[in-house]
Amino acid sequence: MIMRLIVELVDIYTFIIFIYVIMSWIPYKKGILANIDDVLGKICDPYLDLFKRFIPPLGGMVDISPIIAIVVLQLVVRVLYFIF
């Protein structure tokens with residue numbers, strides 16, 4: 001039961017990371033979009049920064065670290081779910 005809750009929370013966090021990445025494509029954020037981006041940054045950046053330290057952007061422009069971060073997060077929680 002508790003593990004199921006953890007899986008659901010990780011799924012929600014994954015969705016939040018996805019929204020944060022999509023919002024990074026918006027060049028000029030003003031008003032409520034800027035506020036949402038700030039909140040999502042405070043939620044997502046501590047986790048994503050772990051991966052950005054080790055994974056450089058491809059070609060200097062394309063950052064694949066969020067993809068790796070999501071895969072690792074989902075893999076770890078799924079493995080833990082099946083263990084417990």
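Numbers here are sequence positions counted from 1.
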Grab the two heavy atoms, one from Met3 and one from Val77, that are nearest each other, plus how far apart they are. CE-O, 3.9 Å

Please say whether more than 12 non-hydrogen atoms of neighbouring residues, nucleotides or ligands are located less than 6.0 Å from CG in Leu75. yes

So do the side chains of Tyr13 and Ile17 get within less than 4.5 Å of each other, counting heavy atoms only? yes

Closest non-hydrogen contact found for Val21 with Pro66 is CG2-CB, 3.6 Å

Examine Ile83 and Leu5 and state if one hydrophobic cluster contains both, with Ile, Leu, Val, Met, Phe, Trp and Tyr joined whenever side-chain heavy atoms are less than 4.5 Å apart. no

Side-chain donor-acceptor pairs under 3.5 Å in residues 33-46, sequence neighbours left out?
unit_1 : atom_1 : unit_2 : atom_2 : d
Asp45  : OD1    : Tyr20  : OH     : 3.0
Asp45  : OD2    : Tyr20  : OH     : 3.1

Which heavy atom in Met23 sits nearest to a heavy atom in Lys29, and how many Å separate them? O-CE, 2.9 Å

Shortest non-hydrogen pair, Tyr47 vs Ala69, comes out as OH-O, 2.8 Å

Same cluster for Trp25 and Val62 if Ile/Leu/Val/Met/Phe/Trp/Tyr side chains link at under 4.5 Å? yes

Hey, what do you get for CG (Leu48) to CD1 (Ile68), rounding to the nearest 0.5 Å? 12.0 Å

Test side-chain contact (heavy atoms from CB on, under 4.5 Å), reference Thr14, set Ile19, Leu73, Leu9, output is Leu73

Within a reach of under 6.0 Å around CD1 of Ile32, are more than 12 heavy atoms found that belong to other residues, nucleotides or ligands? no

dist Phe51:CZ -> Asp49:CG (nearest 0.5 Å) comes out at 11.0 Å

